[in-house]
Structure formats: structure tokens, C-alpha cells
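Counting convention: from 1, in listed order, for ligands and their atoms alike.
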Amino acid sequence: MDYHDLCKQARKAKANAYAPYSKFRVGAALLSDSGRVFPGNNVENSSYSLTVCAERVAVFTAVAEGERHFRAIAIASDDSGFTPPCGACRQVLFEMAGDIDVVMSNSKGEIEIVRLRSLLPEPFTPKHLRRSRKQRA
Ligand code: THU
């Protein structure tokens with residue numbers, strides 16, 4: 001799928017953003033290897049820290065539907081600059097999707113593509129848990 005089309009889907013997902021506190025509306029569209037697109041939008045809460053970002057909504061939805069292999073995620077906001085995924089989303093995306101393309105779009109319709117690994121140079125991974133378990137045994 002063309003990344004401009006994926007961004008279009010992220011922009012569409014942004015319409016469902018629930019962001020009454022920050023007013024910062026975000027949409028995401030996660031592309032699987034099989035060609036399915038999983039949308040996500042940020043969902044805020046009056047207990048602010050319970051807010052979930054658009055990217056995690058997209059990846060959790062995909063995983064809940066049994067998808068495990070991914071190619072790219074597009075992110076859209078109303079900002080004239082590019083919106084990168086937050087640190088928590090980088091960690092969750094890396095575990096479930098690996099080193100995918102992160103396609104950021106701005107309100108002018110321009111896109112910038114970076115690899116997730118470049119945004120998260122030293123990820124914590126399941127292998128760190130296994131190593132520590134072995135040392136304790
Ligand atoms: N947010 C996202 O959904 N994704 C990002 O990449 C950055 C931040 C949301 C969380 C919160 O609802 C609002 O944007 C402001 O931080």
C-alpha cells in the first residue's frame with residue numbers, strides 16, 4: 001500500500017480522537033504484512049495518565065484481532081509539523097511490530113519516513129527478561 005494512502009487512513013482515524021483535555025487529536029493506521037490496516041486514535045481520560053495514544057490503540061486492536069506481522073504505521077495530527085510516536089508507543093510498537101517504517105504526516109499532507117529502530121536505539125526486549133531469569137536460576 002502507498003504510504004500516502006496509509007496517511008489518509010490515519011487522518012480518517014483522527015476523526016474519532018477523544019481529546020477534550022489536550023485538544024491534540026491524533027490518528028494512526030497500522031499496516032500488517034497481510035495488507036490489513038488497523039486504525040487507532042487517542043483516547044484521553046479525566047484521570048489524565050490513563051490516556052492511551054493513537055498508536056497503541058492501533059497496535060492493541062491489531063494484536064487483539066490475531067495479527068502479529070506488521071510493515072508500517074502512519075501517524076497524523078493537526079500540527080503543521082510531524083508528530084513522532086511517544087516513548088511508550090515506541091517501546092510497545094517495537095515489541096509487537098519490530099523495526100517497521102514510521103510514516104509521519106503533517107497538516108500540509110507532507111510525509112516523513114523513519115525506521116522505528118532509529119527512534120528507539122536500545123529497546124528493552126523479551127530477551128533481557130530471559131537473560132535475567134537465567135542468572136537468577
Ligand atoms: N498522542 C498520541 O496519541 N500519539 C502521539 O504520537 C503523541 C501524543 C496523544 C496523547 C494525548 O492524548 C495527546 O496526544 C497529547 O499528548
Side-chain angles (χ1 to χ4, degrees):
M1 167 180 278
D2 177 71
Y3 282 166
H4 277 102
D5 288 342
L6 194 62
C7 287
K8 218 184 273 172
Q9 305 228 30
R11 264 197 302 281
K12 193 170 156 216
K14 182 165 59 69
N16 291 329
Y18 176 73
Y21 309 107
S22 73
K23 315 270 191 227
F24 192 81
R25 303 165 66 80
V26 185
L30 179 65
L31 175 65
S32 75
D33 279 359
S34 64
R36 283 184 73 187
V37 175
F38 296 88
N41 51 267
N42 54 336
V43 182
E44 298 188 344
N45 192 274
S46 51
S47 179
Y48 297 162
S49 65
L50 300 182
T51 290
V52 185
C53 294
E55 297 90 326
R56 269 175 292 154
V57 170
V59 71
F60 290 152
T61 301
V63 171
E65 290 195 23
E67 200 67 66
R68 290 290 186 281
H69 302 285
F70 303 99
R71 212 156 271 185
I73 188 164
I75 304 163
S77 76
D78 296 320
D79 196 349
S80 58
F82 297 113
T83 301
C86 79
C89 289
R90 293 176 195 198
Q91 173 68 25
V92 170
L93 282 169
F94 191 81
E95 175 142 346
M96 301 316 308
D99 190 20
I100 55 171
D101 283 335
V102 176
V103 185
M104 294 172 281
S105 65
N106 62 17
S107 58
K108 294 172 254 172
E110 298 159 336
I111 68 171
E112 183 175 289
I113 305 166
V114 294
R115 297 289 283 187
L116 182 57
R117 197 69 165 74
S118 73
L119 298 177
L120 190 67
E122 255 185 81
F124 184 79
T125 67
K127 88 171 180 280
H128 294 99
L129 288 177
R130 283 196 293 274
R131 193 179 312 148
S132 143
R133 239 184 251 128
K134 238 182 254 159
Q135 278 163 10
R136 278 179 280 135

Undergrad: Yes or no, since that's all I need: does a protein heavy atom fall within a distance strictly under 4.0 Å of atom 16 (O) of ligand 1?
TA: no
Undergrad: Below 4.0 angstrom from a heavy atom of P85, which ligand 1 atoms are there? Numbered from 1 as shown, please.
TA: 6 (O)
Undergrad: Which heavy atom of R56 sits nearest a heavy atom of C86, and at what distance?
TA: NH2-SG, 4.3 Å
Undergrad: Taking only heavy atoms of S22 into account, list the atoms of ligand 1 that are under 4.0 Å away from them.
TA: 13 (C), 15 (C)
Undergrad: Tell me if a side-chain donor or acceptor on R36 pairs with a main-chain N or O of L31 at a distance below 3.5 Å.
TA: no
Undergrad: Ligand 1 and T51, any nitrogen or oxygen pair closer than 3.5 angstrom?
TA: no
Undergrad: Quick check on side-chain contact (heavy atoms from CB on, under 4.5 Å): which of N41, N42, D79 does V26 satisfy it with?
TA: N42
Undergrad: Contact between E95 and P123 at the side-chain level, heavy atoms closer than 4.5 Å - yes or no?
TA: no
Undergrad: Report yes if V26 has an N/O atom closer than 3.5 Å to an N/O atom of ligand 1; otherwise report no.
TA: no
Undergrad: Check each of V102, L120, D101 against R115 using the side-chain contact (heavy atoms from CB on, under 4.5 Å) test, and report the only one that passes.
TA: D101
Undergrad: If you have a sec, work out which protein heavy atom is nearest atom 14 (O) of ligand 1 and how many Å separate them, to one decimal?
TA: F24 CD2, 3.4 Å
Undergrad: Numbering the atoms of ligand 1 from 1, which are under 4.0 Å from a heavy atom of C53?
TA: 1 (N), 2 (C), 3 (O), 4 (N), 10 (C)
Undergrad: Just wondering, do M96 and F60 contact through their side chains at under 4.5 Å, heavy atoms?
TA: no
Undergrad: Numbering the atoms of ligand 1 from 1, which are under 4.0 Å from a heavy atom of E44?
TA: 11 (C), 12 (O), 13 (C)
Undergrad: Is ligand 1 under 4.0 Å from a heavy atom in the side chain of P84, in the backbone, in both, or in neither?
TA: backbone
Undergrad: N106 versus S80: any side-chain heavy-atom pair under 4.5 Å?
TA: no
Undergrad: So which heavy atom in the protein is nearest atom 9 (C) of ligand 1, and how far is it from that ligand atom?
TA: N42 ND2, 3.6 Å
Undergrad: Can you check which of M104, E55, K14, K23 brings a heavy atom nearest to atom 4 (N) of ligand 1?
TA: E55
Undergrad: Which residue owns the protein heavy atom closest to atom 3 (O) of ligand 1, what's the atom, and how far is it?
TA: A54 N, 2.9 Å
Undergrad: Between Y21 and Y18, how do the two ring planes meet: parallel, tilted or perpendicular, split at 30° and 60°?
TA: perpendicular
